[in-house]
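One structure is given below, encoded as structure tokens.
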Amino acid sequence: MSTQASRTGLSQAEAEARLIGEGYNELPRAQRRTPLRILVEVLREPMLALLACGGLIYLLLGDLQEAVLLLVFGAMSILITVVQEARTERVLESLRDLTSPRALVIRDGERRRIAGREVTRGDLVVLVEGDRVPADAMLADCRDLQVDESLLTGESVPVRKQVAGAPAEDRGPGGDDQPFVYSGSLVVRGEGIAVVTATGPRSEIGKIGQTLQALQAEQPRLKQQMARLVRLCAIGGAAVSLAAVVLYGTLRGEWLQAVLAGIAIGMSMLPEEFPVVLTVFMAMGAWRISKARVLTRRAAAIETLGAATVLCTDKTGTLTQNQMSVAELRLADGTCLRTSSIEPAHIEPNVVELVRCAAMASSPEPFDPMEKAFHDLVRAWPTNDRASSGWRLTRSYGLRPELLAMTQLWDNVDAPGYLAAAKGAPEAIARLCKLSESDQASMRENVDVMAGNGLRVLAIAIADHDGEALPSSQEGFAFRFLGLIGIADPIRKSVAAAVRECRSAGIRITMITGDYPATARAIASEAGLEASSVLTGAQIAAMDDVELGKFTKSVNVFARITPDQKLRIVQAMKADGETVAMTGDGVNDAPSLKAAHIGIAMGARGTDVAREASSIVLLDDDFGSIVSAIRLGRRIYDNLRKAMTFIFAVHVPIAGLALFPLAFGLPLILSPVHIAFLELIIDPVCSLVFEAEREERDVMSRPPRRADAPLFTWALICWSVLQGLVAFALVALTFAIALRGGMPPDEARALAFFSLVLCIVGLVLVNRSFSASFASALFRPNAALVWILSAVAAILATSLLWGPASALFRFGPLHMDDLTVTLGAGLVLLVLLELLKPIWAARLRS
């Protein structure tokens, strides 16, 4: 491709046109749920089957109105469910777009991060260590590039890549020194720029037919609990319904009515809301968390967030702003210079050499904030140093775990010879420069002073190299130490408040960084962490796991930590019973992210490897976003428990009122029509009202719940049953007294049904909060609740005042004193349960 094209890439207009013509860079989704597919799934629900059976029986009895009403209610139930499921699917689709691996492309001459699915043929993709290749591409430029293609070939050994000197034939994945890279493979070393040749189903991974099933998470624990509970309730409901049919038919001899009564009981006891609520809460919860700039990749992370007891965070970009600038220079002779006080017109040559070498030791087109700071400083100083022109990057020597330094080798196009520029950890540069013991001691003193001021310290070295043969490693150059550079990275404004909030929530914050102990202590103190003791990587290396576990209980700052030591820290905390959340961004962070209960990857600067190993991605890399996610996670879990408590509670009076007349020979209160109407109230209340509930006042001032705590505790079940029994007793007593007082059965039925609906409203208000505040039950803002209660009031008024509706429900007329009785039942329930709530409040939060 031309030099101009290699610099500018596609224009945005060209890229959009190709996306329209060729489609997005993604594999076809066989499991995509359309509204029609959702409708088919809804029609299989047992509740609708029971409604259909009820309608058929009414037709056999010749009651056309009742049959039509059941079908109308069934259609309304289908509509509500399809709308909710379609909304959930749209949310999931949006989340899938967010989870698409990010790609760095060059468009209109500028580098920009886009979703991997938006990469198109002809795009220039920038590849760096840790990235997942977003599409099949041919290299236009690369330096020390190695790629893991095991996803395609099964071969775990990375392969070397190089730019083709002439047109090359694509022989497929595998093999060294090829100029092609493939979608799904991982860059494990070096960097490069490639031109996209194939996307989506046209890529190698698309041709192989790689399915997305391998990437699907295991079924969450909550879903397993829910499925087990639904099965138990369904079995119990079927047994009770069958017994009721036999009892009714035997005692009264009306078998068709007996079947109707059995259907009513089955509908009343079938908790079909459970799976709907779980689906809606998880999808909407993930969406709410994404609004806080946090992407939830696995639903199980939402339930685990509220149980986190330790939050392990790195420093750069998470606690700090990741907006680096060079603040201080220390030359080899010990001279200290603050960049803010340097006059560009009077810069000493050795100062220029130090800064210029730092820039040459970095990527020519930097993306890393630290390397950008070096280049920005060079551009700000007018210099005519020998590196300003005539040098071409020849080779890169990358960072190694055993040598934390990198070297860029430059070739002078105007004269023979090479220049090697190195930057890295001071101890690594000291090793490369072969400094004496006294010089190393002097360097350490300077490093400690700079680190104590909160600066990140890097050492810079330079070497000249003559001859054609190039060393195989950095140790082969005769480096000369130039000095130290201190980089400032201000702490984020939100960090101190977020740390205080975590402390009040019983969450311990630990900082794990590769920086120096003095720097780590300074930043930790500024962030509000307790930093009286710091544990270093060297100390951890000398410990066994048992000894390390003792320190991880009390130490909050870990410095000079390598990725494998980060994994050991996580495992030690887990062994101590902690629920660990861990942040990370690099390829080597993936094991610790996967080992943690909650792996949190950086979205802006993190690698695709880290993101795929994590359960949560911070889209803005901000520590405050983690705390927001924990707050939302606790709120979502609380609201889910509230919804489940309400579902348990509301089915008790409905089932009881279906059985009560059978047991005492009274007229039936509830028929399938009434229960179908009640389901129209219960479904949106569960999935809309409780999902929209605000957080509890103490959501971030109570300790984390146990990680193994079940969603359905015995305290919650007992509290639910107690609520339901109180509601049942009030409505049954109202019905029995009305009949005993001579009220006609139709009027008594209307009185009992209205009382039941108002008791259900009372159950909603009671379960809006786990606290004992009566005011919170009535006055907590919730727009969804207002709309649903208004709709319920309108429908009840219609059923009472409009003759045809009253006839369909078999309601007799109610007078003002009757309505006062029904309102009184709801108020008595609300007041009584609010008085009882303090006894259960502490147990319900556990």
Side-chain angles (χ1 to χ4, degrees), residues 88 91 95 217 219-227 229 273-292 294-311 501-502 504-507 578-581 597-598 600 615-616 625-648 686-717 719-720 767-771 776 780 782 840-846:
T88 299
V91 169
L95 291 175
Q219 192 180 52
R221 186 171 57 92
L222 278 182
K223 197 167 185 179
Q224 296 174 4
Q225 291 185 38
M226 199 77 72
L229 185 69
E273 300 91 355
F274 283 157
V276 174
V277 165
L278 183 63
T279 301
V280 171
F281 268 65
M282 291 299 103
M284 293 304 297
W287 181 250
R288 289 188 187 278
I289 290 177
S290 74
K291 292 295 186 182
V294 179
L295 174 63
T296 307
R297 297 186 67 252
R298 298 184 178 94
I302 295 177
E303 61 175 294
T304 312
L305 274 171
T309 59
V310 177
L311 175 53
E501 193 170 16
C502 280
S504 69
I507 302 171
E578 304 281 8
T579 301
V580 183
H597 295 100
I598 309 169
I600 304 173
S615 50
I616 286 177
S625 297
I626 303 176
V627 182
S628 298
I630 292 175
R631 172 185 286 273
L632 282 168
R634 290 189 174 192
R635 166 189 162 176
I636 292 164
Y637 193 83
D638 279 353
N639 287 347
L640 184 59
R641 286 165 60 87
K642 293 171 188 176
M644 297 306 169
T645 304
F646 171 76
I647 293 172
F648 265 114
C686 294
S687 57
L688 297 179
V689 173
F690 285 111
E691 193 280 328
E693 277 296 330
R694 296 188 176 184
E695 64 202 35
E696 296 283 320
R697 291 191 304 272
D698 66 343
V699 69
M700 291 299 282
S701 60
R702 62 177 187 253
R705 62 180 175 81
R706 296 195 331 272
D708 59 348
L711 177 65
F712 309 103
T713 61
W714 281 109
L716 183 145
I717 293 174
W719 174 236
S720 301
N767 288 291
R768 294 184 67 200
S769 172
F770 286 141
S771 69
S776 67
R780 285 164 64 98
N782 190 323
W840 297 87
R843 299 176 185 175
L844 294 175
R845 294 195 195 98
S846 62

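In this text, all values refer to a predicted model and were calculated from it rather than measured experimentally. We use all heavy atoms of the structure for the numbers below, so side chains are in, but hydrogens, waters and symmetry mates are not.
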Is a salt bridge present between Glu691 and Arg288, judged by a nitrogen-to-oxygen distance below 4.0 Å?
yes

Looking at Val689, is its backbone amide N or carbonyl O close enough to the side chain of Asn782 to form a donor-acceptor pair, meaning the two atoms are under 3.5 Å apart?
yes

Can you name the side-chain hydrogen bond (donor to acceptor under 3.5 Å, both in side chains) partners of Ser720, sequence neighbours left out?
none

Show the nearest heavy-atom pair for residues Met700 and Val627, with the distance to one decimal.
CE-CG1, 4.0 Å

For Ala308 and Pro704, the nearest pair of non-hydrogen atoms, with its separation, is O-CG, 3.2 Å

To the nearest 0.5 Å, what is the distance between CD1 (Ile616) and CD1 (Ile630)?
8.0 Å

Is Thr309 reaching over with its side chain to a backbone N or O of Glu578, donor-acceptor style, under 3.5 angstrom?
no

Does any part of the side chain of Asn767, heavy atoms only, come nearer than 4.5 Å to the side chain of Trp719, both counted from C-beta?
yes

Do Ile289 and Ile636 have side-chain heavy atoms sitting under 4.5 Å apart?
yes

Measure the shortest side-chain to side-chain distance between Ile600 and Leu311 over non-hydrogen atoms and say whether it is less than 4.5 angstrom.
yes

Compare all side-chain heavy atoms of Arg634 with those of Glu695 and state whether any distance is below 4.5 angstrom.
no

Pairwise distance CD1(Ile626) to CD1(Ile507) - rounded to 0.5 angstrom
10.5 Å

What heavy-atom pair brings Ala307 and Thr579 nearest, and what distance separates the two atoms?
O-CB, 3.2 Å

How many angstroms lie between atom CZ of Arg697 and atom CZ of Arg702, to the nearest 0.5 angstrom?
11.5 Å

Give the minimum heavy-atom separation between Lys642 and Phe690, together with the two atoms involved.
CB-CD2, 3.9 Å

OG-CD distance between Ser701 and Glu696, expressed to the nearest 0.5 angstrom:
10.0 Å

Between the side chain of Arg635 and the main-chain N/O of Glu693, is any donor-acceptor distance below 3.5 Å?
yes

